Amino acid sequence: MLFRKELGTCANTPRLETERLILRRFSEADVDDLYALLRDPDVNRFLPWFPTETREEAAAFLHERFLDTCSLPSAYRYAVCRKTDDRPIGYVRLAADDSRDFGYGLRKEFWRQGIVTEAARAVVFRLRQDGVPYITATHDVNNPASGEVMKKIGMTYRYSYEELWQPKNIPVVFRMYQLNFSREDGWTYRKYWDRCEHHFIEELPSS
């Protein structure tokens, strides 16, 4: 599938389009749509925060996680919108630290339609063009569907580790996937491995 990007935009969440989706910056007007995603306990079961209880909490989340990054010289914090209405139904984002953690979320009514994979592929295409050297992503072993998205966008499994996950304060085993763009293929981001005493490599079935 081919993706289009706008020319002449800076590398701070440049607008992208796919066959079904518009990927753009969040705005203040998106708070209610983001709230619909953040308050769903099923959507947030495997995300590193508790479900949002109020619209005010959603507005604070919108600023902290998305709007406050708009002034940075480089950032990738996308609202995932259908072309039919340009309203956010999910997000794709890249962490700004050296993990370059690639994350995504989607409202439950749009699961199993290939939307996250379509959006993630578009963002990965842009990251490669912009010279990002690599990305990583992790998923709870109890959420293998997230791992399937990682594999579909070209990421490969590197290792697993267990940590006490905050703020939920529960032990979780994560699988770490990685995709190198300009780093050598065999290089692996090891910070989670080195930080967590319980780490190991699983024999995963091929798909």
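Note that the coordinates shown come from a computational prediction; the quantities given were computed from them, not determined experimentally.
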> Within this structure, what is the CZ-NE2 distance for the pair R190 and H199, rounded to the nearest 0.5 Å?
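Atom-to-atom, R190:CZ and H199:NE2 are 7.0 Å apart.
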> Here's one to test your reading of the geometry: is the NZ or CZ of R93 within 45 degrees of the ring axis of Y91 and under 6.0 Å from its centre?
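No, R93 does not sit over the ring of Y91.
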> T188 and R158: side chain to side chain donor-acceptor pair (under 3.5 Å), yes or no, with the steps?
CA-CA 7 Å; T188 296; R158 301 304 175 94; 2.9 Å; yes
> Looking at K83 and E19, is any side-chain nitrogen of the basic one under 4.0 Å from a carboxylate oxygen of the acidic one?
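Salt bridge: no.
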> So do P88 and R24 actually touch side chain to side chain, heavy atoms under 4.5 Å?
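Yes, side chains in contact.
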> For atom CD of E202, decide whether the heavy atoms of other residues, nucleotides or ligands shown that lie under 6.0 angstrom number more than 12.
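Atom CD in E202 is crowded, with more than 12 foreign heavy atoms closer than 6.0 Å.
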> Is the CZ atom of R20 crowded by more than 12 outside heavy atoms at less than 6.0 Å?
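Enclosed: over 12 neighbouring heavy atoms sit under 6.0 Å from CZ of R20.
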> Please step through side chain to side chain donor-acceptor pair (under 3.5 Å) for the pair T52 and E57, ending with a clear verdict.
CA-CA 6 Å; T52 300; E57 289 179 6; 4.7 Å; no
> With hydrophobic residues grouped by side-chain heavy-atom distances under 4.5 Å, do Y157 and F46 end up in a single group?
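As far as the 4.5 Å side-chain criterion goes, F46 and Y157 are not connected within one cluster.
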> Would you call D32 and R55 a salt bridge, taking side-chain N to carboxylate O under 4.0 Å as the test?
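Yes, this pair counts.
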> What orientation do W193 and Y159 show, parallel under 30°, tilted 30 to 60°, or perpendicular over 60°?
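W193 and Y159: perpendicular rings.
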> Per the side-chain contact (heavy atoms from CB on, under 4.5 Å) rule, which among T138, I153, V149, L179 passes with F102?
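With F102 as partner, side-chain contact (heavy atoms from CB on, under 4.5 Å) holds for just one option, I153.
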> Residues sharing F50's hydrophobic cluster, by side-chain heavy-atom contacts under 4.5 Å among ILVMFWY, directly or via others?
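Grouped by the 4.5 Å side-chain rule, F50 forms a cluster of one, so the answer is none.
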> Could you check whether any side-chain N or O of D140 sits under 3.5 Å from a backbone N or O of N142, counting only pairs where one atom can act as donor and the other as acceptor?
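A pair under 3.5 Å: yes.
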> Drop me the distance from H63's NE2 to E28's CD, to the nearest 0.5 angstrom.
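Nearest 0.5 Å value for the NE2-CD distance: 3.5 Å.
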> Check the orientation of Y189 and W187. Use parallel for under 30°, tilted for 30 to 60°, and perpendicular for over 60°.
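Correct class here is perpendicular.
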> State plainly whether the residues D86 and R82 are in salt-bridge range, i.e. N to O under 4.0 Å.
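R82 and D86: not salt-bridged.
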> With a cutoff of under 4.5 Å between side-chain heavy atoms, which Ile, Leu, Val, Met, Phe, Trp and Tyr residues group with V141?
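The other cluster members (ILVMFWY side chains, heavy atoms under 4.5 Å, direct or chained) are V173, F200.
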> With rounding to the nearest 0.5 Å, note down the distance linking CG in L94 to CZ in R126.
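If I round to the nearest 0.5 Å, the distance is 13.0 Å.
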> Do R100 and Y134 meet the cation-pi criteria used here (NZ or CZ under 6.0 Å from the six-membered ring centre, within 45° of the axis)?
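Geometry flag: set, cation within 6.0 Å and 45°.
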> According to the interplanar angle, ranging from 0 to 90°, do the rings of W165 and F174 count as parallel (below 30°), tilted (30 to 60°) or perpendicular (above 60°)?
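W165 and F174: perpendicular rings.
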